Amino acid sequence: MGDLVQGAFPRRAAPTWGREQRLWWLLWSRCPGLGWQRLRALEASCGGLAAAWGVSAAELAAVPGLGSGLVASVERFRRRWGPRPLEVFATRCRFGRGVLVPGDRGWPGGLWALKRPPLQLCWQGRGSLWPHLGQRRSVAVVGTRRPSLHGLSMAQAIGAALAEAGWPVVSGLAEGIDGAAHQGCLAAGGAPVGVLGTPLGRAYPLHHALLQRRVARQGLLVSEQVEGAAVRPGSFAARNRLLVAMAAAVVVVECPVVSGALHSAELAWQLELPLWVVPADAGRASALGSNRLMARGATPLLLPADLIDQLGPGPLARRGSGPAPPGDAAAAGDMAAEGLLAAVGGGASLEQLSLALDRPMAELMPRLLELELAGRLRAEAGLCWRPC
């Protein structure tokens, strides 16, 4: 896969840029062909990005990494915006509101460990979550777009368990495991963080538009893609590095041998993060990649509660609600299980069970999963269960 981590951009201690410096960075970052290395070279060679706007083509050609083709691209970009670009650009980019740049105090420190940090992070939702992401106080949940029913139910249960323990749940809002983890988090009243491979105003897949809006209202949407940017296949793979760099641990629920989730797992290992994997049927192609991660040393995750036991309470955990005594908890758990089995009867959906028992779906999911693993219930299509 190649190195994803390196030290060319060391983490800085609370850098702060002024308004004009932020705007120049945002403007130049939209110039085609300029990434981290070239933008930094331009800044260093010209005495700053503001000064770089007025240098000659010959001076541009002397900047390391800028060949004749890129110099022509920069020239076209400067002509498009004119000699005083910030006067127009500032209003078009809303004066940099809703965007984090590397010089902001809220810039997540984990991004400095990446080989290619983002040039900016566009965001929408609860800005109060940024300090937690900046300190890597969240958990990433990733997996395949075409999971088994067991994988879907586990992803929802994990999302709900993390939310109840006060952990922001980071995922990519893709089909399958990503969406299920976010749905579980939302149902439990948690803080989902969706890292997109598209601009914020675009939902992919399209039928996730409602889910994306719910995540923005209850949690946070993040994207390195500015509005109007072209979406390429590599955009979705690239966003995986962002969600891992803001997480304290990574959970792979289910994925095949060719999967973006495996890239996330590889980066987690390079960053020395805890990596958990949900075991699955050895003969299932959709889980072959994730099962192999356990052979390489990833920690098997049998129950969402095991993850919480290891992580402890998250940064959003409600304080002062200590655990019940072990004996009382066990008795209450047995009674709840029997009540849930009685409600399932000959078969019932998650929504029917929630209405019958007057309990939140996020609370029922982990219990249904435990009964499934114990061989007392069988999951069926449409989040339905029947007795074994």
Side-chain angles (χ1 to χ4, degrees), residues 110 132-133 136-145 147-148 150-188 190-195 215 219 239-256 259-280 284 286-316 362 365-366 369-370 373:
H132 306 309
L133 299 177
R136 308 189 81 147
R137 298 283 288 162
S138 66
V139 177
V141 182
V142 297
T144 179
R145 287 177 167 82
S148 64
H150 173 70
L152 278 177
S153 62
M154 273 297 278
Q156 282 199 326
I158 290 167
L162 287 168
E164 289 167 356
W167 285 96
V169 178
V170 185
S171 200
L173 260 176
E175 188 86 50
I177 296 300
D178 289 15
H182 279 135
Q183 287 166 349
C185 178
L186 285 165
V193 179
V195 183
V215 169
R239 57 99 184 273
N240 292 336
R241 79 195 196 286
L242 304 182
L243 59 92
V244 173
M246 295 187 288
V250 175
V251 181
V252 180
V253 176
E254 182 181 333
C255 72
S259 170
L262 291 183
H263 293 184
S264 300
E266 191 71 31
L267 180 55
W269 264 321
Q270 291 188 34
L271 295 176
E272 300 182 349
L273 298 180
L275 179 63
W276 298 74
V277 176
V278 175
R284 183 176 290 278
S286 65
L288 188 56
S290 48
N291 282 341
R292 285 180 177 175
L293 289 173
M294 289 183 287
R296 294 177 58 192
T299 304
L301 178 60
L302 301 179
L303 290 171
D306 297 339
L307 179 63
I308 306 306
D309 288 343
Q310 290 294 317
L311 293 173
L316 304 176
M365 279 296 301
L369 183 61
E370 289 174 7
L373 294 173

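What you see is a predicted model; the values in this text were computed from it and never measured. For the numbers below, each heavy atom of this structure counts, side chains included, while hydrogens, waters and symmetry mates do not.
Within the 4.5 Å cutoff, the side chain of Leu275 has heavy atoms near those of the Trp269 side chain. Annotation: side chain of Pro300 is not in contact with side chain of Trp276 (no heavy-atom distance under 4.5 Å). A 4.5 Å side-chain heavy-atom check between Pro168 and Arg137 finds every atom pair outside the cut-off. Inter-residue side-chain proximity for Val195 and Met246 is flagged as met; some heavy-atom pair is nearer than 4.5 Å. A 4.5 Å side-chain heavy-atom check between Val142 and Leu243 finds at least one atom pair inside the cut-off. Here the side chains of Leu267 and Leu271 are in contact, with some heavy-atom distance below 4.5 Å. Side-chain contact between Met294 and Asn291 is present, with at least one heavy-atom pair separated by less than 4.5 Å. Residues Leu302 and Val278 are not in side-chain contact: their nearest non-hydrogen atoms beyond the backbone lie 4.5 Å or more apart.
With respect to Ser138, the side-chain contact (heavy atoms from CB on, under 4.5 Å) criterion is satisfied by exactly one of Val169, Val193, Leu316, Val170: Val170.
Taking all atoms of both residues into account, the shortest heavy-atom contact from Val277 to Ser290 is CG1-O, 3.2 Å. The minimum heavy-atom distance linking Gly151 with Val253 is given by the pair O-CG1, 3.4 Å. Contact record, Ala248 with Arg136: CB-O, 3.0 Å, taken as the closest heavy-atom pair. Shortest non-hydrogen contact noted between Ala163 and Gly190 is CB-CA, 3.5 Å. When every heavy atom of Leu293 is checked against every heavy atom of Ala265, the shortest pair comes out as CD1-CB, 3.8 Å. The minimum heavy-atom distance linking Thr144 with Cys255 is given by the pair CB-CA, 3.9 Å.
Residue pairs that meet the side chain to side chain donor-acceptor pair (under 3.5 Å) test with at least one member in residues 171-183, sequence neighbours left out, are Gln156-Gln183, Ser171-Asp178, Glu175-His207.
A salt bridge between Arg296 and Glu266 is present, with a side-chain N of the basic residue lying under 4.0 Å from a carboxylate O of the acidic one.
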Practice task
Applying side chain to side chain donor-acceptor pair (under 3.5 Å), run through Glu254 and Ser286 and close with a yes or a no.
Solution key: CA-CA 7 Å; Glu254 182 181 333; Ser286 65; 2.4 Å; yes

Handout entry: Stepwise side-chain contact (heavy atoms from CB on, under 4.5 Å) check, Val141 with Val250
Key = CA-CA 6 Å; Val141 182; Val250 175; over 6 Å; no

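Looking only at distances, no side-chain donor or acceptor of Trp167 sits under 3.5 Å from a matching main-chain atom of Ala191.
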